[in-house]
Amino acid sequence: MKLMVIGGGGREHAIVKKLKENPAAEVIYALPGNGGIAADAVCVPEIGAKDIDAIVAFAVSRGVDFAVVAPDDPLALGCVDRLHEAGIPCFGPDAKAARIESSKVFSKNLMKKYGIPTARYQVFDQPAAALAYLRTASFPIVVKADGLALGKGVLIPQSLAEAENAVKSIMEDRAFGDAGREIVIEEFLTGPEVSVLAFTDGTAIRPMVSSMDHKRAGDGDTGLNTGGMGTVAPNPYYTPEIAQVCMDTIFLPTLAAMRAEGCPFKGCLYFGLMLTPEGPRVIEYNCRFGDPETQVVLPLLKTDLLTILQAVENETLADLPVEWAEGAAACVILASGGYPGHYETGKPISFPEALAENVTCYHAGDKLEGGRLVTSGGRVLGVTAAAPTLRQALQDAYAAAEGISFEGKYLRHDIGQRALAAGEGQ
Ligand code: AMP
Ligand code: GLY
């Protein structure tokens, strides 16, 4: 079979590596892919993940048998709709279903209408009304741009003055462009955060192993928000009892709500949850695999990935058992110094001769230059280890991360520490 994966980060590398395990995969195209993915797939750097016309034309001309659309932008732009129109089976939600991520107003209104637990909120399309509301609010409070904003569209002002600035920067200065035409202002919740990715064909759902992201740039959860500096799976806060509550009050009701709204969700639905003292609440939905959650979740998947993705497309997921390995995985991101702010690129990367057998290095931001891998992005590599215990996985991931070098290499040193402490407290 000829497979095609849209995207070019660490998540896509993890998907490519897993698809490759199926002997039926004779070729995998990655559009655009990256320098490291080129070792596992045929990369097409000249076609970007948002070039929908070029993606469809490429898939048709090469006779692609199955496509996976991984990033949020092409999903929101209707890449899956267009591939389907061209007769190409693929994995991912159509544009209507992708609104669950691409519009926070849509997702918040969906949750309210169908009684799915989430933070209380108000929607504003006029700055004056938002500012008037804030004068009556208590702080901290949460201000979210409606649209896609590279994961940066959420601000948590601690005071009225900060909140006024947040509204002005999103709605008037359009810090996130048109994503800030409308905003959601919602109550500030507290509790451990859990990411749960789930395969769903619109009706049946197979939650994956839970995980924990580390979004802030600095140790001890300090500094700016990033795309994610590391992940661990499973998440020790997510007990079987909580998983059952989430299934009954969040996962199944969300699928039913999307069906009732005429936009059944097929693909990977990402539930960003907060385990508050009042119970689990949805913080956000994503319409795709998380990055870098995928880099710890897929290594623990025992069932063949391509078979699952095809069952989603064919709406036969109810008939397919999905199995997970015991044990744990940890991913440590190696970033360019300065990320998520300004950073330099083009730094040659050196690898040890071999990585331990339980370690995989997923490439996120590098390219080939004269046969050598050089850095080309903020998040450069995700070093994942899988092991019987989380402690061992962390030790092995950090040992491998130590052996990889490039100028300005930056990493957090406390990935998984909170999870370890929580796991031992139970
Ligand atoms: P999001 O982009 O929606 O995932 O939000 C980014 C981060 O902001 C989340 O991972 C949370 O840590 C935080 N956040 C979002 N909404 C809330 C909320 N209602 N209460 C507390 N923290 C929140
Ligand atoms: N790691 C968070 C995300 O993929 O949105």
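As a basis for the values below, the full set of heavy atoms in this structure was taken, side chains included, without hydrogen atoms, waters or symmetry mates. Model, not experiment: these values are computed from the prediction. One-based numbering, in listed order, for ligands and for the atoms of each.
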For [X] and [Y], does a side-chain donor sit closer than 3.5 Å to a side-chain acceptor?
X: Thr118; Y: Lys108; result: yes
X: Glu293; Y: Ser211; result: no
X: His214; Y: Gln417; result: no
X: Asp291; Y: Tyr270; result: no

Close-contact set for ligand 2 against [X] heavy atoms, below 4.0 Å:
X: Tyr270; result: 2 (C)
X: Gly227; result: 1 (N)
X: Asp213; result: 1 (N), 2 (C)

Looking only at N/O atoms, are Glu293 and ligand 2 under 3.5 Å apart anywhere? yes
State whether the shortest distance between N or O atoms of Ile283 and N or O atoms of ligand 1 falls below 3.5 angstrom. no
Short N or O distance, Glu193 and ligand 1, threshold 3.5 Å exclusive: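 Looking only at distances, the answer is yes, because the N/O contact criterion of under 3.5 Å is met.
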Is Lys113 salt-bridged to Glu261, cutoff N-O under 4.0 Å? yes
Side-chain ion pair, Asp201 and Arg206, N-O less than 4.0 Å: no
How far is [atom] from its nearest protein heavy atom, and which residue and atom is that?
atom: atom 5 (O) of ligand 2; value: Arg288 NH2, 2.8 Å
atom: atom 2 (O) of ligand 1; value: Val154 CG2, 3.4 Å
atom: atom 18 (C) of ligand 1; value: Val142 CG2, 3.5 Å

Which of the ligand 1 atoms, numbered from 1, are nearer than 4.0 Å to a heavy atom of [X]:
X: Glu284; answer: 1 (P), 2 (O), 3 (O), 4 (O)
X: Lys144; answer: 3 (O), 15 (C), 16 (N)
X: Glu186; answer: 16 (N), 17 (C), 18 (C), 19 (N)

Ligand 2 contact by Phe289, heavy-atom criterion under 4.0 angstrom: no
Would you check whether Gly290 reaches within less than 4.0 Å of ligand 2, judged by its heavy atoms?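 Yes, Gly290 has a heavy atom closer than 4.0 Å to ligand 2.
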Run the numbers on Cys246 and Phe271 for side chain to side chain contact (heavy atoms under 4.5 Å, CB included), then give the verdict. CA-CA 10 Å; Cys246 291; Phe271 299 89; over 6 Å; no
Flag the pair Asp146 / Arg181 as yes when at least one side-chain heavy-atom distance between them is below 4.5 Å, and no otherwise. no
Let me confirm one number: the NZ-CG distance from Lys20 to Leu305, rounded to the nearest 0.5 Å.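 Those atoms lie 14.0 Å apart.
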Under 4.0 Å from atom 7 (C) of ligand 1, is there at least one protein heavy atom? no
Mind checking whether Asn286 contacts ligand 2 via backbone (N, CA, C, O), side chain (CB onward), both or neither, at a 4.0 Å heavy-atom cut-off?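 The answer is the side chain.
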Assess whether side chain to side chain contact (heavy atoms under 4.5 Å, CB included) is satisfied between Val359 and Thr384, documenting all intermediate values. CA-CA 6 Å; Val359 171; Thr384 293; over 6 Å; no
So is Lys104 touching ligand 1 or not, going by heavy atoms under 4.0 Å?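 The answer is yes: ligand 1 sits under 4.0 Å from a heavy atom of Lys104.
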In terms of the angle between their ring planes, are Phe199 and Phe289 parallel, tilted or perpendicular, with boundaries placed at 30° and 60°?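 Rings of Phe199 and Phe289: perpendicular, as their planes differ by over 60°.
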